[in-house]
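Chain naming here is simple, since letters A, B, ... match the order of the sequence lines and numbering starts at 1 in each. Worth knowing before you read on, the calculation uses all heavy atoms, side chains too, and leaves out hydrogens, waters and symmetry mates.
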Amino acid sequence: MKIATWNVNSLNVRMPHLKQWLVEAQPDVVGLQETKLDDPRFPDADIAALGYRSVFCGQKTYNGVALLSRVPAGECVVAIPGFEDEQKRVIAATIDGVRVVNLYVVNGKAVGDPKYDYKLRWLAAVRDWLAEEIRAHPELVVLGDFNIAPDDRDVHDPAAWHGKILCSTPERDALRALLDLGLHDSFRLHQQEAGHFSWWDYRLGGLRRNLGLRIDLVLVSEALRARCAAAGIDREPRTWERPSDHAPAWVTLAR
DNA sequence: ATGGTGGGCGACCCA
């Protein structure tokens, strides 16, 4: 079972990319972020033609998340319980017996910005929610655009990024609090090397100069850890014409 | 040099 995450930065623009990548990568489950489509505009028929069911929770212009799956998704949840939030950033469902939570974590803009405070409050609410989810569903995958680079190996220039947005200690502590629920960064179960990234800024020739961060993660619960056979990042779609600024990240779970 | 590119929308906001 191959499970992936991809921030597509507008599903309208990126449908051709998504199609090509689905054919090539053959994932069983995909969490999408930044679809930027309200629900009536979600292209579920086009995606069904590619062999995937869709559940989705979107809004116009900003945010928007979806889960695509080969088999039907059940028990779908589209908000953090008990947390007032206008922004469509979460969708969870049970697929083939695995609970999958797809997050589009708040970017935060800059340390100290009001959006940064919202990011930390949002992550605290997610932590409380996931504590309940992992209790109810021990076989849990939490994936998405976390907008946090877990440690300095995940940053092209740790000195330049030190303390900055996506790398600050409170953000990393908030991610740590999620991992402390009993989740593992699947990529680091298989790869310890620095310099593997999932996002490159459109500006400054970010991809060409490899000015990247690894902020797109697939976390697996302890109960799934032994089944986690491989993990990786598909850099290639980032090199295609008119790409998303993010690359897909994935994990395969053995039966 | 506090820049730059991209998406969506509608003449700025978000990343």
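- In summary, A:Asp96 and A:Arg255 engage in a salt bridge, as defined by a charged side-chain N under 4.0 Å from a carboxylate O.
- Comparing the same atom, C1', in B:dC14 and in B:dG10 gives a spacing of 15 Å after rounding to whole Å.
- Seen from the ring of A:Tyr104, A:Arg89 counts as a face-on cation partner, given the 6.0 Å and 45° thresholds.
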At a cut-off of 3.5 Å, list every protein nitrogen or oxygen paired with a nitrogen or oxygen from nucleotides 13-15 of chain B, distance to 0.1 Å.
from   : atom 1 : to       : atom 2 : distance (Å)
B:dC14 : OP2    : A:Lys115 : NZ     : 3.2
B:dA15 : O3'    : A:Asn107 : ND2    : 3.3

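- Under the ring pair (Phe, Tyr, Trp, His ring centres under 6.0 Å) criterion, A:Trp21 pairs with A:Trp6, sequence neighbours left out.
- A cation-pi contact links A:Arg235 to A:Trp200, judged by a cut-off of 6.0 Å to the six-membered ring centre and 45° from its axis.
- Using cut-offs of 30° and 60° for the angle between ring planes, the A:Trp199 and A:His246 rings count as tilted.
- Regarding contacts with the backbone of B:dG7, a side-chain N or O of A:Arg14 is found under 4.0 angstrom from either OP1 or OP2.
- What separates CZ of A:Arg209 from C1' of B:dT5 is a distance of 14 Å, to the nearest Å.
- Look at CG on A:Leu37: it is 14 Å from P on B:dG7, rounded to the nearest Å.
- Going from the C1' atom of B:dC13 to that of B:dC9 covers 9 Å, rounded to whole Å.
- Between A:His17 atom NE2 and B:dG7 atom C1' there is a gap of 13 Å when expressed in whole angstrom units.
- Between A:Arg214 and A:Asp151 there is no salt bridge, since none of the side-chain N atoms of the basic residue sits less than 4.0 Å from a carboxylate O of the acidic one.
- A:Leu11 places its CG atom 10 Å from the P atom of B:dG8, with the value rounded to the nearest Å.
- When the C1' atom is compared between B:dA1 and B:dC12, the two are found 24 Å apart, to the nearest whole Å.
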